[in-house]
Asks: 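Have a look at this one before I ask anything.
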Amino acid sequence: MFTMEAIVRHRMLLMSVAGAGAAIGFTWLVLSLRKKKRKLRKVGEVTQLIVYPIKSCKGVPLPEAECSVHGLRNGLLRDRHWAVSNEEKTVVSARHEPRLVLINSSSDQGFLTLSAPEMEDLKVPLTHPSTNEVVTSRVLGHLVQGRDCGDEASHWITAALRSRHVYRLLQFEDRMKHRNPKDEYVLYTENDKVAYPELSPLHVLSEAAVEDLNSRLEEKVTFRNFRPNILISGCGAYEEDSWEEIQIGRDVTLKRVMPSIRCLFTTVDPDTGIPHAKNEPLKTLRSYRLCQTELKKLFKSSPLFGQYFRVTKKGDLKVGDPVYQVVY
């Protein structure tokens, strides 16, 4: 095994003899050594893949999905590429309209089909005419575009939410400019891009973390309260907090960005759309999941549960895939 000192001496010798060609050889040597040092340690396996086509609405479990830099997708069903906007052109979440969690969506034959309790299904075209308005709305105070999905979708969403306000359904299109979450949190970079997700394209959570939380609660919750994209079993509670880089299956590689910050959304029952009267599980999370590091000023009084990841290598995922921690 070469030491770094030996490598440097070798480089100087090569460069003195062969000039530029030796520099190329040195680069190859260092990259080869780094590649050999990369090890995979199995930490679990994928038990759920979930895509949330409409921001804050019901998740759709998938047996397999394509993992792109902008999140999970299955065919034309893409993660949080639709959103509901209010009259002030602000994208709303279940923090503001809890009944959003009752709206389900699926795609088939060029349509996004919406369904909700006591509502007839509505088919919304996946491609809209250029005459439909492009609306610039706000997510966490920052601007993002979306194509208005039409009056029929607006009436349907407004009725499903039983609201006195008027809402519009927006669709993000590939040619539109993505948001940069760096504008919200400095832990992101200029290369991080999202559409309607609040921060990251992927949220990873362990089953063990949910089980540990439930051991502290009188009324149990499920992973659906926390809306992960990838649910992992076979690891310890909160082990995902320590995964700086993971590989899933053969291809997909993810790097951790920051913890997922928890808010009142977690208190909304995903089956009824009713917030918990005592703000659980948020109240209990605040008792033991506050940030205790130098980032405390950044997260303040918000508890942390699950982790946000960026995609560094795209590929296909399926339920049952092994999850490896990448160790150098």
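Index from 1, following the sequence. Quick caveat, the model's predicted, so the values are computed rather than measured.
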Asks: Would Leu161 and Glu97 count as a side chain to side chain contact (heavy atoms under 4.5 Å, CB included) here? Give the steps.
Replies: CA-CA 7 Å; Leu161 296 180; Glu97 287 287 355; 4.2 Å; yes
Asks: Does a sphere of radius 6.0 Å around CD in Glu87 hold more than 12 heavy atoms from other residues, nucleotides or ligands, not counting ones at 6.0 Å or beyond?
Replies: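 Yes, CD of Glu87 has more than 12 neighbouring heavy atoms, counting only those of other groups under 6.0 Å.
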Asks: Would you give the length of the straight line joining atom CD1 of Ile157 to atom CZ of Arg99, rounded to the nearest 0.5 angstrom?
Replies: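 Separation between the atoms: 11.5 Å.
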Asks: Minimum heavy-atom separation for Tyr238 and Leu213, please, with both atom names.
Replies: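 That closest heavy-atom pairing would be OH-N, 4.0 Å.
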Asks: Using modelled atom types and a 3.5 Å cut-off, is there a donor and acceptor pairing between side-chain atoms of Lys39 and backbone atoms of Val327?
Replies: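 No; judged by distance alone, with no hydrogens or angles, the pair does not exist.
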Asks: Look up atom OG in Ser301 and atom NZ in Lys296, then write down how far apart they are to the nearest 0.5 Å.
Replies: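 One finds 10.5 Å between OG of Ser301 and NZ of Lys296.
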Asks: Would you say that Leu187 contacts Leu298 through its side chain, given a criterion of any heavy-atom pair below 4.5 Å between the two side chains?
Replies: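 Touching, per the 4.5 Å side-chain cut-off.
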Asks: Counting only heavy atoms not in Glu152 (residues, nucleotides, ligands), do more than 12 fall under 6.0 Å from its CD?
Replies: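 Counting other residues, nucleotides and ligands, CD of Glu152 stays at 12 neighbours or fewer.
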Asks: Under a 4.0 Å threshold between the charged nitrogen and the carboxylate oxygen, would Arg175 count as salt-bridged to Glu173?
Replies: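 Salt bridge present between Glu173 and Arg175.
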Asks: If we only count heavy atoms from C-beta on, is the Glu240 to Leu205 side-chain gap below 4.5 Å?
Replies: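 A side-chain contact under 4.5 Å exists here.
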Asks: Would Asp192 and Thr189 count as having a side-chain donor-acceptor pair, cut-off 3.5 Å?
Replies: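 Side chains of Asp192 and Thr189: pair found under 3.5 Å.
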Asks: Side-chain contact test, heavy atoms from C-beta onward, threshold under 4.5 Å: evaluate it for Met258 versus Leu199 and give yes or no.
Replies: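 The answer is yes, as the side chains (C-beta and beyond) meet within the 4.5 Å cut-off.
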Asks: Write down the atom of Ser206, the atom of Cys235, and the distance for their closest heavy-atom approach.
Replies: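 Looking at all heavy atoms of both residues, the shortest contact is CB-SG, 3.5 Å.
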Asks: Once you round to the nearest 0.5 Å, how far does NE2 of His276 lie from NZ of Lys283?
Replies: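 One gets 10.0 Å once the value is rounded to the nearest 0.5 Å.
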Asks: Check each of Arg95, Arg138, Arg262, Arg80 against Glu198 using the salt bridge (charged side-chain N to carboxylate O under 4.0 Å, His left out) test, and report the only one that passes.
Replies: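 Between Glu198 and the candidates, salt bridge (charged side-chain N to carboxylate O under 4.0 Å, His left out) is satisfied uniquely by Arg95.
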Asks: Which value, rounded to the nearest 0.5 Å, describes the distance between Lys55 atom NZ and Leu169 atom CG?
Replies: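 These two atoms lie 14.0 Å from each other.
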Asks: Met176 versus Val134: any side-chain heavy-atom pair under 4.5 Å?
Replies: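 A side-chain contact exists here, since the closest heavy-atom pair is under 4.5 Å.
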Asks: Quick check against the 3.5 Å criterion: does Asp241 have a side-chain atom that pairs as donor or acceptor with the backbone of Gln307?
Replies: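 Not a single qualifying donor-acceptor pair exists.
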Asks: Quick check against the 3.5 Å criterion: does His81 have a side-chain atom that pairs as donor or acceptor with the backbone of Asp79?
Replies: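 At least one qualifying donor-acceptor pair exists.
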Asks: Could you check whether Arg147 and Gln171, counting side-chain N and O atoms only, form a donor-acceptor pair closer than 3.5 Å?
Replies: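 The answer is no; no qualifying pair exists.
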Asks: Taking the side chain as every heavy atom from C-beta outward, state whether Glu118 and Arg162 have any atom pair closer than 4.5 Å.
Replies: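 Yes, at least one pair of side-chain atoms sits under 4.5 Å.
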Asks: Please check this pair: side chain of Thr158 against backbone of His155, looking for a donor-acceptor N/O pair closer than 3.5 Å.
Replies: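 No.
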Asks: Ignoring hydrogens and angles, tell me if any N or O in the side chain of Ser93 forms a donor-acceptor pair with the backbone of Ser56 under 3.5 Å.
Replies: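 No; judged by distance alone, with no hydrogens or angles, the pair does not exist.
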Asks: Decide side-chain hydrogen bond (donor to acceptor under 3.5 Å, both in side chains) for Asn74 and Glu64; before the verdict, give the C-alpha distance in whole Å, the side-chain angles of both, and the deciding distance to 0.1 Å.
Replies: CA-CA 7 Å; Asn74 184 279; Glu64 56 187 15; 5.4 Å; no
Asks: Step through the shown structure and confirm whether more than 12 heavy atoms of other residues, nucleotides or ligands are within 6.0 Å of NZ on Lys318.
Replies: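 12 or below, so no.
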Asks: Distance to the ring centre below 6.0 angstrom and angle to the axis at most 45 degrees; does that hold for Arg227 and Phe265?
Replies: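 The answer is no, since Arg227 fails at least one limit relative to Phe265.
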Asks: Mark yes or no for whether Lys123, through its side chain, and Phe111, through its backbone, hold a donor-acceptor pair below 3.5 Å.
Replies: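 No.
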Asks: Under 3.5 Å, side chain of Ser115 to main-chain N/O of Asp121, donor-acceptor pair present?
Replies: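 The answer is no, because no donor-acceptor pair under 3.5 Å joins these two groups.
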Asks: What's the shortest heavy-atom distance between Arg250 and Gln247, and which atoms?
Replies: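 Minimum heavy-atom separation between Arg250 and Gln247: O-NE2, 3.5 Å.
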Asks: Verify, without hydrogens or angle tests, whether His203 (side chain) and Ser200 (backbone) share a donor-acceptor contact under 3.5 angstrom.
Replies: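 Looks like no, no N/O pair under 3.5 Å.
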Asks: Counting C-beta onward and ignoring hydrogens, is there a side-chain heavy-atom pair between Tyr185 and Tyr308 closer than 4.5 Å?
Replies: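 Counting from C-beta outward, Tyr185 and Tyr308 never come under 4.5 Å.
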Asks: Nearest heavy-atom pair of Cys291 and Thr293: which atoms, and what distance?
Replies: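 Where Cys291 meets Thr293 most closely, the heavy atoms are SG-OG1, 3.2 Å.
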Asks: Compare every heavy atom of Leu202 with every heavy atom of Asn229, then report the nearest pair and how far apart it is.
Replies: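 Closest pair (atom of Asn229, atom of Leu202, distance): OD1-CA, 3.5 Å.
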Asks: Do the non-hydrogen side-chain atoms of Asp251 and Asp316 ever get within less than 4.5 Å of each other?
Replies: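 Heavy-atom side-chain distance check fails, nothing below 4.5 Å.
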Asks: Is there a side-chain contact between Phe223 and Thr47 (heavy atoms, below 4.5 Å)?
Replies: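 Sidechains of Thr47 and Phe223: no contact.
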Asks: Establish, for the pair Arg179 and Phe172, whether the NZ or CZ atom is under 6.0 angstrom from the six-membered ring centre and no further than 45 degrees off its axis.
Replies: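 The answer is no, since Arg179 fails at least one limit relative to Phe172.
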Asks: Do you reckon Val323 sits in the same ILVMFWY cluster as Leu231, going by side-chain contacts under 4.5 Å, direct or chained?
Replies: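 Different clusters.
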Asks: Quick check: does any side chain N or O of Trp156 sit under 3.5 Å from a backbone N or O of Glu120, one acting as donor and the other as acceptor?
Replies: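 Side chain of Trp156 to backbone of Glu120: a pair is present.
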Asks: Going by an N to O cut-off under 4.0 Å, is there a salt bridge joining Arg78 and Asp174?
Replies: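 Asp174 and Arg78: salt-bridged.
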Asks: Would Val69 and Lys314 satisfy side chain to side chain contact (heavy atoms under 4.5 Å, CB included), going step by step from the backbone distance to the final call?
Replies: CA-CA 7 Å; Val69 293; Lys314 301 179 292 182; 4.0 Å; yes
Asks: How close do Cys67 and Val252 get, heavy atom to heavy atom, and via which atoms?
Replies: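 Minimum heavy-atom contact is SG-CG1, 3.9 Å.
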Asks: Please determine whether residues Val311 and Val46 belong to a single hydrophobic cluster, defined as Ile, Leu, Val, Met, Phe, Trp and Tyr linked transitively by side-chain heavy-atom distances below 4.5 Å.
Replies: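 Same cluster: Val311 reaches Val46 through Ile, Leu, Val, Met, Phe, Trp or Tyr contacts under 4.5 Å.
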Asks: May I have the step-by-step check of side chain to side chain contact (heavy atoms under 4.5 Å, CB included) for Glu45 and Ser233, ending in yes or no?
Replies: CA-CA 6 Å; Glu45 67 177 43; Ser233 65; 3.7 Å; yes
Asks: Taking Glu280 for its side chain and Thr284 for its backbone only, find out whether a donor-acceptor pair lies under 3.5 Å.
Replies: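 At least one qualifying donor-acceptor pair exists.
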Asks: Kindly compute the distance separating NZ (Lys182) from NZ (Lys193), expressed to the nearest 0.5 Å.
Replies: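 NZ of Lys193 is found 10.5 Å from NZ of Lys182.
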Asks: Quick check for you: to the nearest 0.5 Å, what is the distance between Phe305 atom CZ and Leu285 atom CG?
Replies: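 Separation between the atoms: 6.0 Å.
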Asks: If you group Ile, Leu, Val, Met, Phe, Trp and Tyr by side-chain heavy-atom gaps below 4.5 Å, do Tyr167 and Leu100 land in one group?
Replies: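 Both belong to a single hydrophobic cluster.
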